[in-house]
Structure formats: structure tokens, C-alpha cells
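The structure appears right after this line, and notes come after that.
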Number of protein chains: 2
Amino acid sequence: MTKKDKILLMATRMFAGKGFADTSTAELAGITGVAESTIFYHFKNKEELFLEVLRKVREEIVQHFEEHEQSQGFESGLDKVEGLLGYYLYLAGAMEDAFLLLHRHYPYMLAQDNEVCRENLEAVYNCMADIFQRAIEEGQRDGSIADIPARKTALILFTMVDGLVRFKTYNLYDAGTLFKEMVASARKILVHAH
Amino acid sequence: MTKKDKILLMATRMFAGKGFADTSTAELAGITGVAESTIFYHFKNKEELFLEVLRKVREEIVQHFEEHEQSQGFESGLDKVEGLLGYYLYLAGAMEDAFLLLHRHYPYMLAQDNEVCRENLEAVYNCMADIFQRAIEEGQRDGSIADIPARKTALILFTMVDGLVRFKTYNLYDAGTLFKEMVASARKILVHAH
DNA sequence: CAAACGACTGAGCGATTACTCAGTCAGGCT
DNA sequence: AGCCTGACTGAGTAATCGCTCAGTCGTTTG
């Protein structure tokens, strides 16, 4: 692993763990095991380093979700949506730093006047919302999901599972216990009234 | 309004708007219109200033929610829950700084080794979760809400409306449009299957 | 062999940070 | 009048910040 990759790896961890402002280049260099000036040899400043971190985070998350969408074994669209909820929670645990980074405020502040940042954030959120939406529409075609607004419902389901990840982050409530109830709630939102 | 109160007011705005680390005491003093040393005359350091801000935020939010809970005019528990969802969204707009502060990471980091901070966060979240829970239980008594786990459902509804507030903060989606769909989803979660 | 190159570093820079302290000043008490 | 007290401030301080730059290496190229 090159020193540049090591810096990116540890920067992801630090930006996620303590935020952009509280991440000092001196400490990052110390943890990574390089000279502080090596950081500025590979990245022209701290903000560009952050953008590179964000780009990798986007790549990885989008790739994982698209791979999961291609995987088979779902009986229906409803089944697929429930699988997505579980996969989101799993991925947020497996890629803790990536999701924690996206839960921070800095990227959204930066996105206000940095196009690259905005593009990366939009890409990752559109990807996730689209996949939820497509699963819902698939369920509407196979009859497992009622005729509800697909995009809006996708976003509502997203807020639910993303909120659960936040509970997990702050240890506010046992996420595993709440997950079962969340899936049950999602099912009620999706299925036909009868 | 005393200088101390002015400092607290502007500190709330700055901590909410740019976070703890990016809030400099020099800039806060400038905006407030006092000397920087005046801040340290009233508060022994930046962290204590933040804790004082957090205490006021907690007081105000808890007070508003408890007042709303006492207000009459709800036909049923289900009606009350739906009213609470709307009130949460309204309050998050009316007290933008307070809610934005609670959406930042710093208070939860600080809470890990600061008891006062932890108590304030627990108080405000318990208050909101309890009020949702009591409304659900009231609905279960009057028959408008099905026999579902009250606490867990309260938390799920909370994640939904809190996620909506985040959408509003970052302008990711028109919150007003999504709100109607969220209330419809909440109703499906709460009512009896038939 | 010499020159050029990319990767990397130690030393140091000006700016900013949170915070201190001696001292000013107005108002109330004796 | 003299004194005390609480509110407030200007002028600092050491430490840390992001960042620069001249220069050292080892490898590749002419």
C-alpha cells in the first residue's frame, strides 16, 4: 500500500471520527506514519484531501449497492425492499467510517459552494433512493406492493433506516431490536390495505 | 437584554450554524458586540459556554413539547400522534438553531465523557419519545391505534419526522410535499389491519 | 557516469486559536 | 467623600493551525 493510500485511509477514519475541523494534518501524519509535508505533496490542501476521501466513499457505497441490486433470490418487490433495509443497516456497520462521514455536516456545508462535493453527495443519495424506488416499482408490477408514490415512499423508508443507523452510532437504542419493528412498519406502508 | 444573554443567543446561532470547532471566540465576540474577554468573564471556557447553550436548548424544546401535549382538541390518540408529527416539523422550523444543534455530532461526542451534556441530551430525547409513546398508548386505549409496541413505534415515527427535518435542512427534497406522505405512512403503521 | 526525476522530509512561516490578567469604570453602601 | 464590588475590556500569551520550501534520497534515463 502506497503512502498516498495510507493517508487516504487514515484521513477517512479521522474525518469520520472527529470531523474536518478537528482533524489536524499533523496528527493525521503521525497516525499514518509519514511526514506532515508528505500529505501536501500528494494533496494540495486539506479540502482537496477531503474531496478525494469523499470520492472514494461514494465509489465504494455506490458499487456495493449496485452489486446488491443485481443479486438474485428475491421472491417479490416487497421482499427486495425488505432486503434493502437490511442491507443498508449491514453496510452502515461494515463501512462505518463511510456512513459516519456522510452523517457529518461538513460535506453538506462544503457542497454549497463546491460543485465536486455536491456531485458526489448527489450521486450517492440518488443511487440509494433510486434503488429503493426501483424495488418498490418492481413490487407494484408483481402485485406485492400497493399503488403508492414510489419516490416519496422510497425517501420515507430511507429516513427510517438512516435514523436507525444514527441510533446505532450513538448507542441510543438497541438497533437490532428496533430493526424488526422497522421492517414490520415498512411492510404496513407498502402492502395493500385489505 | 444583558451581554451574557446576547452571548448565549449568538453562541447558539454560531454553534448550530458552523459547529463547535469552527466557532471562534473572537468571531463570537465580534458578532455579539462585546470584547472577547467578556465571554470568559461569564463562562470559564468554550466548553462551558456550549453546555450552557445546550441547557437552554433543552429547556425550550422540552417546555414547548410539554405545552403542546397539554393542549386539547384531539379526537383520538391517532389524531394526537399525527398532530405531534406536524408539531415536530413546525418546531424544527421555528427553533431552527436548537434543532440544528442537536443534529450536530459534537454534543454526542462530548456526552461520552461529560455527564451534564449526557443528561441534557437524554432529557430532550426522552421527553420527545415519551410524548409520542403516551399518545400511542392513548390511541390504543380509545381504539384508534392497533396493539403495537408503543415505545418502539414511537422511536420509528421519530426517525421518520427527524429525517424529514434533515431533508429540510439540506434542501434535499421539498419537505412539505413529503410530509403528507409521511403522515399517510404513519397512519398505516398505527391503525388496525382490516 | 551524469543528469533528471519523483517521492519524500525537516525546518520553519504567518495566521489563528482559546484563554489570562491587570486595570478601568459606573453604581451602591457606609 | 471613600470604598467596595461586579461588569467589562485591551493587550497580551503560548500553542496549534494549514501550508511552503529547500533539499535529500533512490531509481531511471540519456
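If you measure from atom CG of Asp5(A) to atom C1' of dA7(C), you get 14 Å, rounded to the nearest angstrom. In this structure, Glu48(B) places its CD atom 14 Å from C1' of dC19(C), rounding to the nearest Å. Taking atom CZ on Phe43(B) and atom C1' on dT20(C), their separation rounds to 18 Å, with Å as the unit. As rounded to whole Å, 18 Å separates atom P of dC19(C) from atom OH of Tyr41(B). Counting to the nearest Å, the P atom of dT20(C) and the NZ atom of Lys46(B) are 14 Å from each other. What separates CD1 of Ile39(A) from C1' of dC19(D) is a distance of 11 Å, to the nearest Å. Rounded to whole angstrom, the span from the CG atom of Asp22(B) across to the P atom of dT16(D) amounts to 19 Å. Atom CD1 of Ile7(A) and atom P of dC19(D) are 14 Å apart (whole Å).
Across dT9(C), dC21(C), dC19(D), the shortest atom-to-atom separation from the side chain of Lys3(A) is found for dT9(C). Checked against dC8(C), dC19(C), dC21(C), the side chain of Ser37(B) finds its nearest nucleotide in dC21(C). Taking the side chain of Ser24(B) as heavy atoms from C-beta on, and the options dC21(D), dT17(C), dG10(D), the nearest nucleotide is dT17(C). Among the nucleotides dT9(C), dC19(D), dC8(D), the one closest to any side-chain atom of His42(B) is dC8(D). Side-chain proximity of Phe40(B) to the nucleotides dG10(C), dC19(C), dC8(D) is greatest for dC19(C).
Ring orientation note: the planes of Phe50(B) and Tyr106(B) are nearly perpendicular, at an angle over 60° on the 30°/60° scale.
A donor-acceptor contact closer than 3.5 angstrom links the side chains of Gln63(A) and Glu67(A).
Between Arg151(B) and Glu181(A), every side-chain heavy-atom pair lies at or beyond the 4.5 Å cut-off.
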> Could you walk me through whether Arg134(A) and Glu137(A) pass the salt bridge (charged side-chain N to carboxylate O under 4.0 Å, His left out) check?
Replying inline: CA-CA 5 Å; Arg134(A) 282 196 290 269; Glu137(A) 286 165 347; over 6 Å; no

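No more than 12 heavy-atom neighbours from other residues, nucleotides or ligands sit within 6.0 angstrom of CG on Asp147(A).
Among the atoms of the strands shown, none is found under 4.0 Å from any heavy atom of Thr2(A).
In terms of position along DNA chain D, the nucleotide closest to Glu27(A) lies nearer the 5' end than the nucleotide closest to the other residue of the pair Lys44(A) and Glu27(A). DNA chain D is contacted by both Ala35(B) and Glu36(A); Ala35(B) maps to the nucleotide lying nearer its 5′ end (nearest heavy atom per residue).
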